Amino acid sequence: MSQETTILQPDAAGISQAAALLAQGHLVAFPTETVYGLGADARNGRAVAAIYEAKGRPSFNPLIVHLHNTDVIQTYVQWSDAAEILASAFWPGPLTLVLPLKEGHGLSGLVTAGLDTVALRVPAHALARKLLAEFGGPVAAPSANPSGRISATTAAHVLSGLGGRIAAVVDDGPCPVGLESTIVGLQGAKPTLLRAGGLPQEAIEAALGHPLDLANGADITAPGQLASHYAPGASVRLNAAQANGDEVLLGFGPMACDLNLSETADLVEAAANLFEFLHQLDALKRPIAVAPIPAHGLGRAINDRLQRAAAPR
Ligand code: TXA
Ligand code: MG
């Protein structure tokens, strides 16, 4: 069903309107430090269902629940020592924890897609925090892009993918991190890296004092990890030294190219530019070649997203 998508300002009036729309069961996209999220009241099954509908998302894909703080978190999940260590080290921030659900949690079953765990995150972005405080409840929010497409890091990306399908977007400029949150599973015996993201693996391992287990692809507990994801319309070729034929080149470090993720080879800058630049190159409707990106720190998450963008589909 088509509807008018309102663009809200990141001021007190815009935030109250966004919170009121969420309370009425509508969908509101809002910025977080990682990417724009497509928010709905996580306790309202109809509102959560509308997220899947707007994104055209396979219904087995569970969503991340966003909280203002950890005050009532233990009404939703079983807390643990590892959860306490990671939450106090990195929240608010770009880390998502998957924890066992508690009986009587009150979240819509659609949020977890029927799993007995839920993904939780306390975001750091000032606007997101104000919105969560004013709404006063858990907000389910996947990245605000149509399923299988590049994540949105500006309100313009949200509108180009979901305009006419959601009630509103709060426009507070580009997202500073530009990559989705890192997801750590705490439901098993050992903390497991389920998705590389905006918080480097090394930082998490330093806080825990031991290495993370790495999720084994055979058992997909984070379906966002399906191989072909984050895909631009055009084909993508990785580790390219130069553009061939009709290709446009996405560079890294000092080099000749069409767009450069970071001329100074700064991985933080590259992460923040990644999705915006893929959107820009995708709009040219030519094949995309991408220069090699080092595989440490945020480079791991950047390479993960690029490999998914390049996967055969
Ligand atoms: O940075 C982010 O994480 C952004 C912002 C908006 O917070 N959100 C985001 O959501 O990237 P989404 O839905 O695009 O990705 C969520 C990922 C998916 O891969 C999903 O399968 C996984 O989290 N996930 C959610 N609940 C899970 C669970 N209970 N167990 C394992 N994986 C889960
Ligand atoms: Mg996503």
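Quick caveat, the model's predicted, so the values are computed rather than measured. In each ligand, atom 1 is the first atom listed, and ligand 1 is the first ligand listed.
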S.K.: Could you tell me whether some N/O pair between Thr117 and ligand 1 is separated by less than 3.5 angstrom?
M.R.: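 Yes, since at least one N or O of Thr117 sits under 3.5 Å from an N or O of ligand 1.
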S.K.: Do Thr34 and ligand 1 have an N or O pair less than 3.5 Å apart?
M.R.: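 Yes, at least one N or O pair falls under 3.5 Å.
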S.K.: Do Thr34 and Ser181 pair up side chain to side chain, a donor and an acceptor below 3.5 Å, judged on atom types alone?
M.R.: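 No, no side-chain donor-acceptor pair sits under 3.5 Å.
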S.K.: Counting each atom of ligand 1 from 1 as listed, which ones have a heavy atom of Ile183 under 4.0 Å away?
M.R.: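 Result: 17 (C), 22 (C), 23 (O).
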S.K.: Is a side-chain N or O of Thr6 found less than 3.5 angstrom from the main chain of Leu8, in a donor-acceptor match?
M.R.: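 Judged by distance alone, no pair lies under 3.5 Å.
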S.K.: I want to confirm something. Looking only at heavy atoms, which of Thr96, Leu199, Leu115 is nearest to atom 28 (C) of ligand 1?
M.R.: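 Going through Thr96, Leu199, Leu115 one by one, Leu115 has the nearest heavy atom to atom 28 (C) of ligand 1.
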S.K.: Residues two or more places apart in sequence or in another chain: which of them pass side-chain hydrogen bond (donor to acceptor under 3.5 Å, both in side chains) with Trp79?
M.R.: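 Scan of Trp79 (side-chain hydrogen bond (donor to acceptor under 3.5 Å, both in side chains), adjacent residues dropped) gives Glu84.
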S.K.: Going by distance alone, is a donor N or O of one side chain under 3.5 Å from an acceptor N or O of the other, for Gln3 and Arg165?
M.R.: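 No, no side-chain donor-acceptor pair sits under 3.5 Å.
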S.K.: Tell me whether Arg121 has any N or O atom under 3.5 angstrom from an N or O of ligand 1.
M.R.: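 Yes, since at least one N or O of Arg121 sits under 3.5 Å from an N or O of ligand 1.
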S.K.: Check this for me - ligand 1, His66, N or O atoms closer than 3.5 angstrom, yes or no?
M.R.: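 Between His66 and ligand 1, an N or O pair is found under 3.5 Å apart.
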S.K.: Of the listed options (Ala29, Cys175, Gly37), which comes nearest to atom 6 (C) of ligand 1 when hydrogens are ignored and any heavy atom counts?
M.R.: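 Among Ala29, Cys175, Gly37, the closest heavy atom to atom 6 (C) of ligand 1 belongs to Gly37.
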S.K.: If you measure from each non-hydrogen atom of Thr112 to ligand 1, which part falls under 4.0 Å: side chain, backbone, both or neither?
M.R.: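 None of Thr112 does.
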S.K.: So is Lys55 polar-close to ligand 1, meaning N/O to N/O under 3.5 Å?
M.R.: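 N/O-N/O distance below 3.5 Å does not exist for this pair.
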S.K.: Closer than 2.8 Å to the Mg ion (ligand 2), do we get an N, O or S atom from Ser143, backbone or side chain?
M.R.: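 Short answer: yes, at least one N, O or S atom is under the cut-off.
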S.K.: Give the contacting part of Ser143 toward ligand 1: side chain, backbone, both or neither, where contact means a heavy-atom distance below 4.0 Å.
M.R.: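 Both of them.
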S.K.: Which of these, Leu97, Leu193, Thr96, Leu194, sits in a side-chain contact (heavy atoms from CB on, under 4.5 Å) with Thr182?
M.R.: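 Among Leu97, Leu193, Thr96, Leu194, the one meeting side-chain contact (heavy atoms from CB on, under 4.5 Å) with Thr182 is Leu193.
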S.K.: If you measure from CZ on Arg121 to CG on Leu67, what distance do you get to the nearest 0.5 Å?
M.R.: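 It comes to 10.5 Å.
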S.K.: Is it true that the side chains of Ser151 and Glu180 contain a donor and an acceptor less than 3.5 Å apart?
M.R.: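 A donor-acceptor contact under 3.5 Å links the two side chains.
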S.K.: Are a donor atom and an acceptor atom from the side chains of Asn145 and Ser143 found within less than 3.5 Å of each other?
M.R.: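 Yes, because at least one side-chain N or O of Asn145 sits under 3.5 Å from a partner of the opposite role on Ser143.
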